[in-house]
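Here the structure is a predicted model, which is why all the values come from computation and not from measurement.
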Amino acid sequence: MRIDVDLDLCQGHAMCELEAPDVFEVARKGKVRILDPEPGSEHHDEVAAAVRFCPTRALRMEA
C-alpha cells in the first residue's frame, strides 16, 4: 500500500494522525507529514480510516 497526500488540500485538521499516529504527523497549525509512505499491512485499517475521515479528502491510499 502507498499513501499520497495533496498538500494543497490539507488544512491540518489532524484526523489522520488520530486514526494512524504511526503513519501520520501533523504539526500544530501545520500540514500532514507522512511518516511512512508505504506502511505494512498491519496499518491497513488505520490508514483506510484516516483516508475516509480526512475532512478535505487530501489523502489517497493505493494498493
Query raised in the report: Would Glu62 and Arg2 count as a salt bridge (charged side-chain N to carboxylate O under 4.0 Å, His left out) if you check the C-alpha gap in whole Å, the side-chain angles of each, and the deciding distance to 0.1 Å?
Result: CA-CA 5 Å; Glu62 298 177 3; Arg2 177 159 177 73; 5.7 Å; no
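- Glu17 places a side-chain N or O within donor-acceptor distance of the main-chain N or O of Val26, the cut-off being under 3.5 Å.
- Criterion: ILVMFWY side-chain heavy atoms under 4.5 Å apart, direct or through other members. Under it, Val51 and Val5 are part of a common hydrophobic cluster.
- Connection of Val47 to Val32 is established within a shared hydrophobic cluster, with ILVMFWY side chains joined at heavy-atom distances below 4.5 Å, either directly or through further cluster members.
- Counting only heavy atoms from C-beta outward, the side chains of Glu46 and Glu19 never approach each other to under 4.5 Å.
- Put simply, Met61 and Leu7 are part of the same group of oily side chains (I, L, V, M, F, W, Y) that touch within less than 4.5 Å, one to the next.
- The shortest distance between side-chain heavy atoms of His43 and Asp22 falls below 4.5 Å.
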**Report entry** Ile3 vs Ile34, side chain to side chain contact (heavy atoms under 4.5 Å, CB included): CA-CA, chis, key distance, verdict
**Finding:** CA-CA 8 Å; Ile3 304 166; Ile34 299 174; 3.7 Å; yes
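- When side chains are defined from C-beta on, Asp4 does not count as touching Leu59, because their heavy atoms never get closer than 4.5 Å.
- Using a 4.5 Å heavy-atom cutoff, the side chains of Pro55 and His13 are in contact.
- The shortest non-hydrogen separation linking Arg57 to Leu9 is O-CD1, 3.8 Å.
- Residue Phe24 is grouped with residue Met1 when hydrophobic side chains (ILVMFWY) are merged at heavy-atom distances under 4.5 angstrom, including chains of intermediate members.
- Contact record, Ala50 with Cys16: CB-CA, 3.7 Å, taken as the closest heavy-atom pair.
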